[in-house]
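These notes concern the structure reproduced below.
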Amino acid sequence: MSGPNFSNPVVRWIDHRLPVFTFMHHEMHEYPTPKNLNYWWNFGSLAGIVLVIMLLTGIILAMHYTPHVDFAFQSVERIMRDVNHGWLIRYIHANGASFFFIVVYIHIFRGLYYGSYKAPRELLWMLGVVILLLMMATAFMGYVLPWGQMSFWGATVITNLFSAIPGVGEWIVTLLWGGFSVDNPTLNRFFSLHYLLPFVIVGVVVLHIVALHRFGSNNPLGIDVRGKQDSIPFHPYYTVKDAFGLGVFLTIFAAVVFFMPNAMGHPDNYIPANPLVTPAHIVPEWYFLPFYAILRAVPDKLLGVLAMFAAIGVLFILPWLDRSPVRSATFRPLFKIFFWIFAANCVLLTYLGGKPAEGTYVILSRLATVYYFFHFLILLPGLSIFETPKPLPRSISQPVLGSGTAGASKENS
Amino acid sequence: MMGARGLLTVAAAALVSLGLMTTPVKAAGPAVEIPSQNWSFAGIFGTFDRGELQRGFQVYKEVCAGCHSLDYIAFRNLADLGFNELEIKAIAAEYEVQDGPNDEGEMFARPGLPADRFPAPFANDNAARASNGGALPPDLSLMVDARPNGANYLYALMTGYGDAPSGVTVAEGMSYNAYFPGHQIAMPAPIAADGVEYADGTAATVDQQARDVTAFLAWAAEPNLEERKRTGVMAVLFLLVMTGLLYASKRKIWADVH
């Protein structure tokens with residue numbers, strides 16, 4: 001075993017018995033990484049850092065929060081007013097949830113564009129979809145905790161969806177509620193699960209990284225690393241690049257946290273939960289809106305719920321829907337066009353999810369929903385057969401070093 | 001390749017989807033444009049005007065407090081308005097606060113202390129409804145955060161009373177308000193010209209009082225607003241410098257790769 005030579009004798013002593021330093025050296029220092037990654041590859045490590053920010057702020061918030069229907073809203077206001085810098089910690093946590101989704105959605109769209117889900121990275125991709133599902137469950141339950149009007153009514157609407165499942169639906173809803181309506185037992189179990197699930201996410205993230213390090217990152221050209229000339233060590237090249245990206249992210253994040261902390265929240269959630277007063281429009285957080293639009297687009301409740309879950313479920317089988325051997329959209333002229341149409345359709349679904357389900361919005365939601373599934377189920381399998389991809393470069397270093405070769409990475413220049 | 005143009009496209013898409021969330025959800029009835037006012041606390045360098053807050057507090061105390069509670073504000077918080085310790089003790093002592101039980105097991109009333117929160121005008125929601133024709137006057141602590149476009153809306157609401165347009169009938173005990181969703185509000189016009197006599201001699205017009213009490217409620221909703229913005233300016237400046245240094249480091253380290 002040829003490990004790195006550590007100069008510190010204590011490190012050497014420990015590493016001989018417990019090779020954590022060798023492990024870190026392999027996976028975080030010399031880890032060979034394609035040299036042509038662009039800035040879209042920053043969002044993976046960024047998501048990991050946001051997860052840590054959420055864990056740290058969440059643990060502190062839990063020290064001051066009271067999960068009881070009579071005190072939850074007050075305890076949040078106490079955090080905002082009387083806990084030292086409590087306002088900052090809560091605003092970081094609340095906006096951090098939104099930013100977590102922004103980062104992860106960009107990360108997912110990067111994977112879609114560059115075909116990062118294709119062999120041999122199918123399991124890496126599927127673990128990512130599991131993380132997305134866990135994030136959604138965690139975010140949903142977290143939004144319930146302040147026990148404002150949107151917390152309560154959002155929880156009521158979303159938990160009620162499960163009642164559409166034939167046979168066991170009512171039983172599941174009663175189990176989620178811990179009773180026969182959204183009440184104190186619901187709040188208690190949501191708090192417990194909201195604290196638990198992030199650590200489950202950490203576990204799946206570890207698996208996600210193990211799977212990533214098996215074959216290394218995909219890259220903008222979507223071709224395999226052919227040798228030493230194609231890759232560079234992770235440290236210092238990508239540590240410094242990720243650190244710069246983190247700086248940009250934190251600047252934007254801080255601007256929102258300090259100057260417009262409530263812009264992504266809903267005013268109704270500053271009204272204490274009241275089971276007797278229903279808000280005029282119950283709107284989920286923005287990151288659920290595309291799925292909410294799909295749910296409401298289907299006239300039948302059960303089919304709507306199924307469509308909503310299928311919208312994420314379809315991502316699980318994506319590696320087998322898109323059979324084209326070419327990964328990167330750079331060399332797939334038709335796929336590239338349809339990728340952007342798909343992205344625009346997702347933005348449209350987000351917009352529609354925030355609008356009342358009436359008139360043109362309903363018709364548009366239906367069209368956008370059909371297109372969403374059409375893209376995955378018809379278009380991608382079809383493109384794999386009919387599309388003629390452009391010729392692939394022979395190696396990563398050739399187009400990077402060559403002048404003006406098609407597909408050369410333009411950033412970093 | 002997905003270069004700068006692609007980055008811009010996605011950034012724009014992200015902004016569009018974010019922008020959706022700031023769109024206020026419109027209540028039933030025809031949408032009314034809420035006029036924007038100039039607030040000293042708006043913008044990234046915004047601060048509260050102490051004189052305005054003190055006048056607004058006077059309006060709350062003499063006008064609103066008859067029906068509306070202010071549950072999350074303690075007398076000690078009034079230090080933010082520029083009152084000193086003695087003044088705060090004096091203000092607190094004007095109120096009677098229920099305390100107890102004492103050694104005999106009895107509840108008793110005592111003068112308020114700086115640590116006490118503002119006593120609510122009614123013992124409970126039912127008592128509040130009974131005194132207000134069935135309508136519940138909401139707590140005002142978070143009113144500015146709990147309404148879309150909060151400060152502008154509150155100002156518009158308080159100055160938006162008037163006669164109903166022809167063809168609109170207002171129900172018994174209700175008032176017409178141009179900005180309230182549905183236009184029928186149980187609260188009668190709360191502010192009258194010269195309804196208070198300002199200690200600093202400012203003319204107590206309806207507009208002035210509405211403006212002052214809105215500023216006071218904006219403070220009540222978020223007493224840490226000034227600290228937040230001040231910290232934010234420092235944090236963003238620091239991050240910009242740090243990011244600049246990281247970019248320079250990145251360029252230097254990557255120089256041999258290209």
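Numbers restart at 1 for each chain; the letters A, B, ... are given by sequence-line order, proteins then strands. In this text, all values refer to a predicted model and were calculated from it rather than measured experimentally.
Remark: A:Asp82 engages B:Arg76 in a salt bridge, criterion side-chain N to carboxylate O under 4.0 Å. The pair A:Lys35-B:Asp256 does not count as a salt bridge, with every side-chain nitrogen at least 4.0 angstrom from each carboxylate oxygen.
For the pair A:Ile271/B:Arg147, a side-chain contact is recorded, criterion being any heavy-atom separation below 4.5 Å from C-beta on. Two residues are said to be in side-chain contact when any heavy atoms from C-beta on lie closer than 4.5 Å; A:Arg81 and B:Glu222 fail this criterion. Between A:Phe258 and B:Lys229, the closest side-chain pair of non-hydrogen atoms is not below 4.5 Å. Between A:Gln74 and B:Tyr72, some side-chain heavy-atom pair lies under the 4.5 Å cut-off.
Here the closest heavy-atom approach between residue B:Ile253 and residue A:Pro236 is recorded as CG2-CG, 3.8 Å. Of all the heavy atoms in B:Arg228 and A:Met260, the pair that sits closest is NH1-N, 4.4 Å. The two residues B:Leu239 and A:Leu250 come nearest to each other via the heavy atoms CD1-O, 3.4 Å. Summarising the geometry of A:Phe259 relative to B:Gly232, their closest heavy-atom pair is CZ-C, 3.5 Å, with the distance given to 0.1 Å.
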**Prompt:** Run the ring pair (Phe, Tyr, Trp, His ring centres under 6.0 Å) check on A:Tyr238 and B:Trp254 step by step: do they pass?
**Reply:** CA-CA 9 Å; A:Tyr238 284 107; B:Trp254 277 73; 5.1 Å; yes
**Item:** Pair B:Leu142-A:Phe73, side-chain contact (heavy atoms from CB on, under 4.5 Å): steps then yes or no
**Value:** CA-CA 12 Å; B:Leu142 281 161; A:Phe73 191 89; 3.6 Å; yes
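Contacts with chain B were tallied for A:Pro261, A:Ala343, A:Ala255, A:Ala344; A:Pro261 has the most, counting heavy-atom pairs under 4.5 Å. If you tally non-hydrogen atom pairs under 4.5 Å between each of B:Asp145, B:Asn77, B:Leu240 and chain A, the highest count goes to B:Asp145. Most heavy-atom pairs under 4.5 Å with chain A: of the set B:Ala221, B:Gly244, B:Ala74, B:Gly46, this distinction falls to B:Ala221.
Side-chain atoms of A:Tyr91 and B:Asn224 form no donor-acceptor pair, as typed in the model, at a separation below 3.5 Å.
Using a 4.5 Å cut-off between heavy atoms, B:Val144 does not touch chain A at all. B:Ala220 touches chain A through its backbone: at least one of N, CA, C or O sits under 4.5 Å from a heavy atom, while the side chain does not.
In this structure, CD in A:Glu77 is found 11.0 Å from CG in B:Asp71, a value given to the nearest 0.5 Å.
Atom CG of B:Asn124 sits in a crowded spot, with more than 12 heavy atoms from other residues, nucleotides or ligands closer than 6.0 Å.
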Output side-chain donor-acceptor pairs under 3.5 Å for residues 127-134 of chain B, partner residues at least two apart or in another chain, one line each.
unit_1   : atom_1 : unit_2   : atom_2 : d
B:Arg129 : NH1    : B:Gly134 : O      : 3.0
B:Ser131 : OG     : B:Ala127 : O      : 3.2
B:Asn132 : ND2    : B:Ala128 : O      : 2.8

